[in-house]
Structure formats: structure tokens, C-alpha cells
Amino acid sequence: MNSAKKPLLGLSLTELKDAAVALAMPSFAGGQIAKWLYEKHVSTIEEMTNLSKEARSLLEKTYTIGAMAPVNWQQSVDGTKKYLFPVLTDEAVPSGIINKYVETVFIPDGNRGTVCVSCQVGCKMGCTFCQTGRQGFHGSLSVTDILNQIYSLPERDLLTNIVFMGQGEPMDNLDNILKATDILTSPNGYAWSPKRITVSTVGIRKKLETFLEKSQCHIAVSMHSPFHEQRLSLMPAEKAMPISETISRLKKYDFTHQRRCSFEYICFGGLNDSQEHSKEIVKLLHGLECRINLIRFHTTPDTDLPPTDVQRMEKMRDYLTSHGVYATIRASRGEDILAACGLLSTAQQKSLVKKVK
């Protein structure tokens with residue numbers, strides 16, 4: 001993207017109106033631009049045909065759409081697709097993250113189409129089982145780069161759900177997550193229901209509360225163990241953000257209606273999948289309207305954590321559900337192309353050989 005020009009993608013209606021006025025265009029032109037961006041997904045300013053030629057020319061001198069197609073992709077045997085998107089802007093990180101990439105996953109499932117969006121290049125959280133954490137942290141994505149993973153996704157028109165469960169910790173890039181989800185749910189943006197969007201987190205204290213107060217999107221908390229010491233060994237973030245404190249904060253909010261609170265729980269064989277763990281989960285979650293998603297661990301390089309088996313996961317699911325905590329076993333998708341939970345990392349980007357057509 002031409003660094004001398006500013007991206008339109010990622011600007012709110014108010015910002016688009018301000019941009020129009022600054023270029024001596026009427027304020028309502030901002031609303032027209034918003035429709036071309038978020039309803040019609042134009043690829044060039046020239047396509048905004050209800051703006052005069054003079055207005056389009058003025059706009060093109062200062063702005064660009066700010067979108068770019070993925071540069072590579074892979075497809076799983078189950079139909080899941082993993083895309084490699086270039087990072088277009090560096091406004092979120094002073095040192096700059098240009099020439100970096102992020103991975104985005106599209107998961108087809110009958111009439112449902114889900115995109116798993118990244119919010120950072122790498123991650124600071126350092127979870128021992130996660131490839132993204134092993135990549136290290138290289139910067140937070142701008143609103144433009146977050147939305148580009150949806151705007152430029154080849155299957156964009158098939159989407160029914162968006163999950164912020166890709167690379168990075170959303171609460172560590174909260175301002176841009178809030179703005180991106182606001183544009184996604186605004187009548188002048190994508191006009192999606194917030195009930196179609198889920199944002200994940202390890203549970204960063206005040207930022208989680210800010211998110212819950214400013215957004216109506218679903219929240220998914222990474223648990224992986226109900227015991228402090230064990231969770232700490234898996235997730236260094238437990239030291240500053242104990243799961244017990246996170247749950248206490250969540251109990252202050254109402255999840256009895258359409259908004260959903262869920263917990264992600266990767267099962268490791270003989271480590272965190274016992275009845276003792278199930279009992280502690282029930283104890284911790286008592287009084288909180290929620291569900292828990294059990295996820296099979298996908299073995300990652302240089303990790304000696306053991307995967308569990310279906311029978312132990314089913315036993316855990318049945319115990320939790322019979323004791324008041326609705327539990328499901330999440331189907332594994334895209335494991336053969338390293339697109340499943342915990343496997344996203346651009347460290348192997350050179351191995352992606354299929355060009356997007």
C-alpha cells in the first residue's frame with residue numbers, strides 16, 4: 001500500500017465525514033463512502049460512482065481503499081482454508097511491522113462460514129502449547145489490518161460468524177478491537193449482529209471489563225486448567241491474571257440472554273482431563289451462565305504435552321454437563337495445514353506455495 005496515502009478501510013462514519021469535509025466535500029459524502037466500503041466492498045475509489053469525478057480525484061490524492069488480497073493460501077482435506085495476509089500499516093507499533101504477515105482461517109461448515117481473525121503479529125502471552133506464542137511478539141495490527149482479513153477474504157460473502165481467535169491476544173490490542181467490532185456491528189458499517197462475533201482472551205483484568213462494558217460481542221476465555229499452579233505452568237499470564245479472578249469479574253455481568261460467555265479448554269492426556277479437574281471447573285463456574293468448549297490438543301513441534309483421547313474428553317463433557325456446566329467437544333478443523341487451534345504461526349510462511357488467483 002502507498003505509505004503516502006491513508007487507508008479508508010477502518011474509518012468510522014464520523015471519520016469518513018470529517019475526511020470528506022477536509023477535502024471540501026459535503027459531509028454526506030462520508031456516508032456515501034461508507035456504503036461503498038462496507039456494503040459494496042469496492043477495490044478502488046474510482047468505483048464510487050455517486051461521487052463526482054472531481055471528488056474522487058481529490059479523495060485519491062490523499063486516500064487509498066487500504067485493502068489487499070492474501071498472498072498465499074492452503075486448503076485442508078476438510079475444506080478449511082488458511083490465508084496469509086500482508087500487514088499493510090504500522091501505525092499501531094512505533095517500530096513498524098511492515099513486511100510482516102498474519103494468518104487467517106476460513107472454516108466452512110454446512111450453511112455456516114466462520115473466519116478466524118488475527119489481531120497481532122505473534123503474541124506476548126507465551127502459552128507453552130501455542131505456536132503463535134513461540135513466534136514472539138512483533139506488533140499489534142491496526143483496524144485496517146484487522147478488517148482487511150474480512151474485507152479481502154475470498155469467501156467474504158459466505159461468512160456467518162467471526163471469531164477473534166487467531167494470532168495475538170485481543171485485549172492486548174483492545175482499542176483497535178473495539179473500533180473494528182464497532183464498524184462490523186454499526187448500521188453504517190457491516191451491520192452485523194454482535195451475536196455473530198466472538199472475541200477471545202486469556203483474561204486481562206481491566207481491559208476485559210472495558211470490553212464487556214463497551215461491546216455486546218460474545219466473550220471466550222482461555223482456561224485450560226482450573227488450578228492456579230497448573231494453569232501457570234501452561235499459561236504465564238495466570239500469574240497476573242488468575243482464572244479465579246477472571247471468573248469473579250465475569251460473574252458481575254449478565255449472560256442469561258443472547259450474549260454468550262464461553263471457556264476454551266484444550267485437553268492434554270492425563271494432565272488436565274481428570275474428574276478432579278471437572279469437579280474444580282464446576283466449582284469455579286457455579287453461578288455463571290456459560291458453556292465450555294473442550295478442544296483436542298494438536299501436537300506442536302518441540303512440545304512434550306500429550307494429546308488426550310476421545311473417551312476421556314467424552315467423559316469430561318458428560319460430567320460437566322450433568323453437573324450444570326454445558327460442555328461440547330469442538331471438532332478439529334484444518335490440522336493438516338496447521339490451521340487448528342494453537343497452530344497458527346507465520347514462521348513457516350515460505351512453505352506456503354499456492355498463490356491466490
Side-chain angles (χ1 to χ4, degrees), residues 1 7 9-10 37 41-44 64-89 97-123 130-135 138-168 170 180 184 190 196-198 200 295 298-301 330-357:
M1 187 173 65
L9 179 62
L37 280 174
H41 298 96
V42 294
S43 57
T44 65
T64 183
I65 295 298
M68 185 177 289
V71 295
N72 287 301
W73 65 284
Q74 289 178 300
Q75 182 167 338
S76 168
V77 293
D78 62 29
T80 298
K81 292 182 180 180
K82 182 171 71 172
Y83 290 100
L84 187 69
F85 277 95
V87 175
L88 305 176
T89 61
I97 50 175
I98 294 299
N99 298 324
K100 298 292 184 180
Y101 298 86
V102 291
E103 291 182 340
T104 305
V105 180
F106 171 70
I107 307 168
D109 184 15
N111 294 326
R112 290 169 58 92
T114 300
V115 62
C116 183
V117 176
S118 294
C119 66
Q120 294 180 317
V121 180
C123 184
C130 180
Q131 283 292 88
T132 303
R134 293 186 174 202
Q135 182 182 338
H138 301 283
S140 291
L141 297 185
S142 66
V143 180
T144 301
D145 283 306
I146 292 171
L147 291 179
N148 184 53
Q149 296 169 73
I150 300 163
Y151 197 94
S152 299
L153 187 77
E155 294 82 9
R156 180 189 63 228
D157 294 337
L158 301 178
L159 292 179
T160 59
N161 298 86
I162 298 171
V163 295
F164 286 85
M165 297 182 180
Q167 293 174 265
L184 287 168
Y190 279 76
R196 297 169 63 187
I197 302 171
T198 301
S200 68
I295 305 166
H298 307 99
T299 303
T300 59
R330 179 181 293 169
S332 179
R333 301 291 300 271
E335 184 176 2
D336 57 314
I337 58 169
L338 301 181
C341 182
L343 298 183
L344 294 185
S345 171
T346 54
Q348 302 300 321
Q349 60 189 263
K350 292 182 180 179
S351 68
L352 303 180
V353 297
K354 292 186 178 180
K355 296 290 183 181
V356 174
K357 298 180 180 179

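Positions are given from 1 along the sequence. Scope of the values below: all heavy atoms of this structure, side chains included, with no hydrogens, waters or symmetry mates.
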Please report the C-alpha distance between Phe85 and Val71 in whole Å, then the side-chain angles of each, then the deciding distance to 0.1 Å, and finally whether the side chain to side chain contact (heavy atoms under 4.5 Å, CB included) criterion is met. CA-CA 6 Å; Phe85 277 95; Val71 295; over 6 Å; no

Pairwise distance CD1(Ile146) to CD(Gln120) - rounded to 0.5 angstrom: 9.0 Å

Tell me which one of Gln135, His138, Gln131 satisfies side-chain hydrogen bond (donor to acceptor under 3.5 Å, both in side chains) with Gln167. Gln135

From Thr114 OG1 over to Glu155 CD, what is the distance, rounded to the nearest 0.5 angstrom? 12.0 Å

Starting from the C-alpha separation in whole Å, work towards a yes-or-no answer on side chain to side chain contact (heavy atoms under 4.5 Å, CB included) for Val102 and Asp145. CA-CA 9 Å; Val102 291; Asp145 283 306; over 6 Å; no

Side chain of Thr64, backbone of Pro7: donor and acceptor closer than 3.5 Å? no

Could you measure the distance from the OH atom of Tyr83 to the CZ atom of Phe106? Nearest 0.5 Å is fine. 7.5 Å

Decide if atom CZ of Arg112 counts as having more than 12 heavy atoms of other residues, nucleotides or ligands within a radius under 6.0 Å. no

Looking at Arg196 and Asn161, would you say the former's side chain and the latter's main chain have a donor-acceptor pair under 3.5 Å? no

Considering only heavy atoms from C-beta outward, does the side chain of Tyr190 approach that of His41 to under 4.5 Å? yes

Are side-chain heavy atoms of Val117 and Ile162 found at a separation under 4.5 Å? yes

Would you check if Thr104 and Leu84 make a side-chain contact, meaning some heavy-atom pair closer than 4.5 Å? no

In the structure I gave you, are the side-chain heavy atoms of Gln149 and Val115 within less than 4.5 Å of one another anywhere? no

Under 4.5 Å between any side-chain heavy atoms of Asn148 and Leu9, yes or no? yes

Using side-chain heavy atoms (C-beta onward) and a distance below 4.5 Å, is Ser200 in contact with Pro170? yes

Value for CG (Leu88) from NZ (Lys100), rounded to nearest 0.5 Å, stands at 15.0 Å

Taking the side chain as every heavy atom from C-beta outward, state whether Gln75 and Thr80 have any atom pair closer than 4.5 Å. no

On a heavy-atom basis, the closest approach of Ala69 and Pro86 is O-CD, 3.8 Å

Mind checking whether Phe164 and Ile197 have side chains closer than 4.5 Å, heavy atoms only? yes

Donor-acceptor check, side chain of Ser152 to backbone of Ala67, threshold 3.5 angstrom: yes or no? no

Value for CH2 (Trp73) from NZ (Lys82), rounded to nearest 0.5 Å, stands at 13.0 Å

Going from OG1 on Thr160 to CG on Asp109, what distance comes out if it is rounded to the nearest 0.5 angstrom? 8.5 Å

